[in-house]
Amino acid sequence: MKKRINRAKDKLIKYIKRVKVEHLIKKYIDNNVIFLTFVLTCVLNSTLLRFFTMHTIENYLAFKPILADVTILILVGSFGYLFKPKNRFLYFMICEIFFTAICMINSCYYTFYTSFASVSMLSLTQYITSVGDAVVENVMQPKDFVYLIGPIILVINHIRIKKKSYYKKIETKPERKKRTIKTLTVGGVLAVLFSVTLTPLDVTRFAKQWNREYIVMRFGIYIYQFNDVVTSLQPKINSLFGYDNAMKSFKEYYENTSDEPQKNEYSNIFEGKNVLVIHAESMQTNLLDLEFNGNPVVPNLKKLASEGMFFSNFYSQVSVGTSSDSELTYNTSLMPTQSGTAFVSYFDRDYNATPKYMSELGYYTFCMHANNADFWNRRNMYEHLGYQKFFSKETYKVDKENVVGLGLSDKEFFKQSVEKLKDVNSKQDKWYGLMIMLSNHTPFSDVEKYGKFDVDIKEKSSDEEAGEISHPYMEGTKLGNYFKSAHYADEALGELFVSLEENGLLDNTVVVLYGDHDARLPKREYNYMYNYDKETNKMYDKTDERYKEYDSYQYELGRKVPFIIWTKDMKDTKLNMEVKNVMGMYDVMPTLGNMFGFYNKYQLGHDIFNIKDDNIVVFPTGNWVTNKVYYNSQKEEYLSLDNSAISEDEIKKNSEYASKLLNVSNNIITYDLIAKLKQEKEILNYKEGE
Ligand code: GP9
Ligand code: MN
C-alpha cells in the first residue's frame, strides 16, 4: 500500500515538473517569438544554402555548421534585447535581411563559380561589371529566392503578435539588460562547445580562408562571410602604415641593379619556341635515385632529367601557400608573403610575371588545371600574372571513375589537356602553357587507384620450394604510399610525352618541369626507410651500430625538387647537362627570361648561369642554403656541405642578405610597390613633358 502511494507521489511530482518545464518553455517561446524566429529562419536558410550548393545529405545536415550558425545567431540576436520591445522588431528585421542577403548572394555566386562569395572581389570593379549582366541573365534562379522565406516568416510573426498587443508590454531597462546577458551567456557556452570540436586543420584553414567549401562546412556560411571580410581587409589595413619606409628600402635594394639583363651563352637560345610548363605536384628529387626490386619509382622523370638540362640541387621556397607559393616564386621571382598568402590576400597587386612577359613577346599564355578555379584563388590571381586563359575544372570531364585523390586523375587530365593543346596549337602562332598535376597529392591514400608498384623487398628464398619471399619494407607506410603515388604520376607523364609526340606538339616546344614542393611527410618515415631491418621487419634499434639517424639537416636537404628544361633534340648536345649549383624557384624566372628574351629588374633570384656557384637560396623561414652550407636561422646552427670551415662573417653576411631579401619581397607585395613605382615614373614623365 505504502509502495503504491509512493509510486503515485513520484508520478505526481514528475507530472508537476513536466508541466512546469512545459509551462516555462511555452512562456519562453511566447516572450521571445521574434528572437526565436530570427535564429531558426536564419539556420533554415543556411541549411538550404548547403542543400542547394553542396548537395549531399552529410553536407546540409552536418552538425558543425549548424552549431556554428546557431551560436553566431544567438550572439547577434542577444543584442536585440537591449531595445525596447516596440523597436526590437526593427533590429531583428535588419539582421534577418542581412543574413538572408548573405545566403542569396552566395547561392547565385555558387551557381556561377561553384564556390562561395568573397568581398575581396569588390576590388575587381571591372570584373564585377562584366559579370553583372551575366548574373542577372544567367545566374538568378528560383532557388535563389527561397531564402526570402526567412524575412517573410519574421514579418508574419510580427503582425500576428502585434495584434496580441505583444509590443505594448514594456520591459524595464535592468530587465532588458538581464535578458541580454542571459542570452549572451548561452551563446558564449555554445561558442566554447563549438571551439572544442575544432581540429588544428580547421583552425589553419580558417586563418587562410581560401578553401571556401571547407570553411563553410565547418564554420557555417555566416562565420565564413565574417571571416572573409576580415581577411580581405587585412592587407588593405597592413598597407596603410609604413609605406614611405618600404618604398625607400625598395629603391635602395635595387639601386645598383642594372636595367638590362646580363648576357651569357644561353641568352635567347629558345626565343620564339612554344613552352609547356609542368607543375609536378609534390615531386621530390630523391625519387629519381630510388628503385624497388630493380624498378625505378619515376623512370620517365629520370629519362627527362638524363636527356635535358637537369638542375639537381634545386629547392622550392614555399610557405603556407604551398602550390600557390611555388607558382608565385616561379612566375615572379618574389618570395611568399610573411602573413596570409599572395594568391589570396594580395592577388590584386601589380606583378612582373613570366606569363605577362611572354604575352608581351606575342605568346598566347594559358594554364590548364582540372581543379576548381577558386582553389588558391587562381581564377583572380592568374589575371594579375598575365595568363590569358585558364582551363579549369569546368572545362574538363570529371566522372567518378576518373578521379584519383583530390580530383581528375593525372592520366585523364593529360589526355583531355592534349586535345585542348592541339586546338591551341592550331590557332596560335606561339604559346606558353602551364599544366598543373594533381594526383600525387598528400595524403597519398588512394593507393588502389595508383596501379601496381611494389615497395617491398623481394628475395629468393634459400629454400628452393618457397621460391621468392617478400619483406614488407615500405608497404603500408605513408612514404611507401607516396612512392606508389609518385610512380602513378610518373606513368601519367610518360603517357603525356607519347601523346604530345604523336600529335607533333613537341617539335618546336621547350618543356619546363618543376616539382612544386616536397611531399611534406614526417622525418620519421625516412628514418624508417633508411634504418629498416628486413630480418625483424622493424627499424634497427638505436643502439645498433647499423642505425643512422635521418637528422633534420638530411631532412631539409632531402626536400629538393626536380627542375628540368627539356627539348626533344637536346640529348647528347651541350645543353644536355646536370647543373649542380644550388638553385631556388626564384631563380627560374631570371634563368628562363634570359633564354626566352625577357628581363624583370625586380627579380630577387638570379640567372643560374650568371651567378653559378655563388648562389644562395633563401627560404621563407629565414633559413638559407649555398653550395657550401645550410643555415638554420631559428636554431642559429649550420651544416657545412663541403667540409670547409665557415666563418662567422659569412654566416652574418648571408643572414642579413636573407632578411633584407625577405623584407623587400614582402614590401613589394604588401605595398604594391611595382605599381606605385610605375605611377611615380608616370607623374615624373608628365611633369617633364609639361
Ligand atoms: C590544388 C593543387 C594542390 O589545385 O594545386 O595544392 P597544394 O595543396 O599542394 O597547395
Ligand atoms: Mn602542391
Side-chain angles (χ1 to χ4, degrees), residues 275-291 295-318 322-323 325-327 329-331 354 410 414 434-442 444 453 479 482-497 500 506 509-521 526 554-568 570-571 575-592 595 605 608-609 615 617 619 625 627:
V275 192
L276 176 61
V277 184
I278 300 172
H279 172 122
E281 178 59 47
S282 304
M283 203 58 93
Q284 292 185 189
T285 306
N286 51 19
L287 295 171
L288 272 81
D289 296 325
L290 213 62
E291 38 178 73
N295 302 317
V297 178
V298 287
N300 293 299
L301 208 55
K302 256 180 108 152
K303 185 166 175 282
L304 280 188
S306 70
E307 293 175 359
M309 263 185 188
F310 173 45
F311 301 82
S312 57
N313 213 352
F314 182 86
Y315 293 89
S316 112
Q317 295 159 294
V318 301
T322 44
S323 271
D325 279 346
S326 84
E327 288 184 59
T329 40
Y330 170 92
N331 279 310
T354 299
D410 282 347
F414 283 142
L434 166 70
M435 287 186 187
I436 302 182
M437 298 171 74
L438 192 58
S439 300
N440 186 33
H441 193 279
T442 193
F444 315 108
F453 185 73
L479 190 55
Y482 168 57
F483 297 147
K484 289 172 192 258
S485 162
H487 184 75
Y488 168 84
D490 180 80
E491 262 178 14
L493 277 171
E495 289 179 12
L496 169 71
F497 277 79
L500 289 171
L506 290 178
T509 303
V510 179
V511 178
V512 174
L513 181 145
Y514 65 83
D516 66 339
H517 48 73
D518 68 308
R520 292 172 282 167
L521 290 171
Y526 291 93
Q554 278 171 296
Y555 181 71
E556 289 303 329
L557 295 166
R559 299 173 78 179
K560 285 188 212 35
V561 294
F563 179 54
I564 300 167
I565 302 175
W566 180 96
T567 61
K568 71 182 220 177
M570 206 183 244
K571 196 171 174 221
L575 294 179
N576 180 195
M577 60 180 164
E578 179 179 343
V579 178
K580 293 185 179 154
N581 286 322
V582 70
M583 183 176 180
M585 193 68 91
Y586 66 4
D587 298 316
V588 172
M589 182 189 205
T591 307
L592 287 183
M595 292 171 164
I608 193 68
F609 296 111
N615 203 16
V617 175
F619 296 99
V625 63
N627 277 353

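Both backbone and side-chain heavy atoms feed into the values below; hydrogens, waters and symmetry mates do not.
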Practice problem: Examine Tyr514 together with Phe563 and report whether their ring centres are nearer than 6.0 Å. | Solution: no

Quiz item: Of Asp410, Asp490, Asn440, which meets side-chain hydrogen bond (donor to acceptor under 3.5 Å, both in side chains) against Ser485?
Solution: Asn440

Quiz item: Any side-chain heavy-atom pair from Leu500 and Leu276 closer than 4.5 angstrom?
Solution: yes

Exercise. For Phe311 and Phe314, work out which heavy atoms get closest and say how close.
Key: O-CB, 3.5 Å

Quiz item: Where do Leu479 and Leu521 come nearest, in terms of heavy atoms and distance?
Solution: CD1-CD1, 3.6 Å

Quiz item: With a 4.5 Å limit on heavy-atom distance, are the side chains of Ile564 and Val512 in contact?
Solution: no

Practice problem: Taking all heavy atoms of Val297 and all of Ala486, pick out the closest pair and write down the distance. | Solution: CG1-CB, 4.3 Å

Quiz item: Are the side chains of Met283 and Leu513 in touch, meaning some heavy atoms are under 4.5 Å apart?
Solution: no

Quiz item: What is the minimum heavy-atom distance between Met583 and Val617, and which atoms define it?
Solution: C-CG2, 3.4 Å

Quiz item: Run the side-chain contact (heavy atoms from CB on, under 4.5 Å) check on Met595 and Met309 step by step: do they pass?
Solution: CA-CA 13 Å; Met595 292 171 164; Met309 263 185 188; 3.8 Å; yes

Exercise. Begin with the C-alpha distance, continue with both residues' side-chain angles, and end with the deciding distance and a verdict on side-chain contact (heavy atoms from CB on, under 4.5 Å) for Tyr315 and Tyr586.
Key: CA-CA 9 Å; Tyr315 293 89; Tyr586 66 4; over 6 Å; no

Self-check item: Reference residue Val511; test side-chain contact (heavy atoms from CB on, under 4.5 Å); the match among Ile565, Thr567, Leu506
Solution: Leu506

Exercise. Report yes or no: does Gln284 contribute a side-chain atom to a donor-acceptor pair with the main-chain N or O of Ala519 at less than 3.5 Å?
Key: yes

Self-check item: Polar side-chain atom of Glu578 near backbone of Ser312 as donor-acceptor pair, under 3.5 Å
Solution: no

Quiz item: Hey, is the main chain of Asp516 close enough, under 3.5 Å, to the side chain of Ser316 for a donor-acceptor pair?
Solution: yes

Exercise. Hey, could you give me the NE2/OG distance between His441 and Ser282, rounded to the nearest 0.5 Å?
Key: 5.5 Å

Quiz item: Heavy-atom distance under 4.5 Å between the side chains of Ser323 and Ile436, does that happen here?
Solution: no

Quiz prompt | Exam field: side chain Thr591 to backbone Ile608, donor-acceptor pair closer than 3.5 Å | solution = yes

Quiz item: With distance as the sole criterion, is a donor-acceptor pair present between the side chains of Ser439 and Glu281 under 3.5 Å?
Solution: no

Exercise. Search all heavy atoms of Val625 against all heavy atoms of Leu557 and return the closest pair with its distance.
Key: CG2-CD2, 4.4 Å

Quiz item: Is Asp587 reaching over with its side chain to a backbone N or O of Gly584, donor-acceptor style, under 3.5 angstrom?
Solution: yes

Quiz item: Is a side-chain N or O of Asn576 found less than 3.5 angstrom from the main chain of Met570, in a donor-acceptor match?
Solution: no

Quiz item: Which value, rounded to the nearest 0.5 Å, describes the distance between Lys302 atom NZ and Leu304 atom CG?
Solution: 12.5 Å

Self-check item: Main-chain N/O of Thr442 paired to Tyr482 side chain as donor or acceptor, under 3.5 Å
Solution: no

Exercise. Would you confirm whether Thr285, through its side chain, and Val561, through its main-chain N or O, come within 3.5 Å as a donor-acceptor pair?
Key: yes

Quiz item: Within a strict 4.5 Å, meaning less than it, do heavy atoms of the Asn581 and Asn615 side chains meet?
Solution: no

Practice problem: Using the side-chain contact (heavy atoms from CB on, under 4.5 Å) rule, take Phe483 and Val298 through it: C-alpha gap first, then chi angles, then the decisive distance, then the call. | Solution: CA-CA 9 Å; Phe483 297 147; Val298 287; over 6 Å; no

Quiz prompt | Phe497 vs Trp566 side-chain heavy atoms within contact, under 4.5 Å | solution = yes

Exercise. Start with the C-alpha distance between Met437 and Ile278, add both sets of side-chain angles, then the distance that settles side-chain contact (heavy atoms from CB on, under 4.5 Å), and finish with yes or no.
Key: CA-CA 7 Å; Met437 298 171 74; Ile278 300 172; 3.8 Å; yes

Quiz item: If you count the non-hydrogen atoms of other residues, nucleotides and ligands that lie under 6.0 Å from NZ in Lys568, is the total more than 12?
Solution: yes

Self-check item: For the student: nearest non-hydrogen atoms of Tyr526 and Asn286, plus distance
Solution: CE2-ND2, 4.2 Å

Quiz item: Quick one: does Asn627's side chain get under 4.5 Å of Asn313's, heavy atoms only?
Solution: yes

Quiz prompt | Sub-4.5 Å side-chain heavy-atom contact between Tyr330 and Leu434 | solution = no

Exercise. Measure the spacing between CG of Leu288 and NZ of Lys560 and express it to the nearest 0.5 Å.
Key: 12.5 Å

Practice problem: Report the distance from atom CD of Glu495 to atom CG of Asn300, rounding to the nearest 0.5 Å. | Solution: 9.0 Å

Self-check item: Partners meeting ring pair (Phe, Tyr, Trp, His ring centres under 6.0 Å) with His487 (sequence neighbours left out)
Solution: Phe453

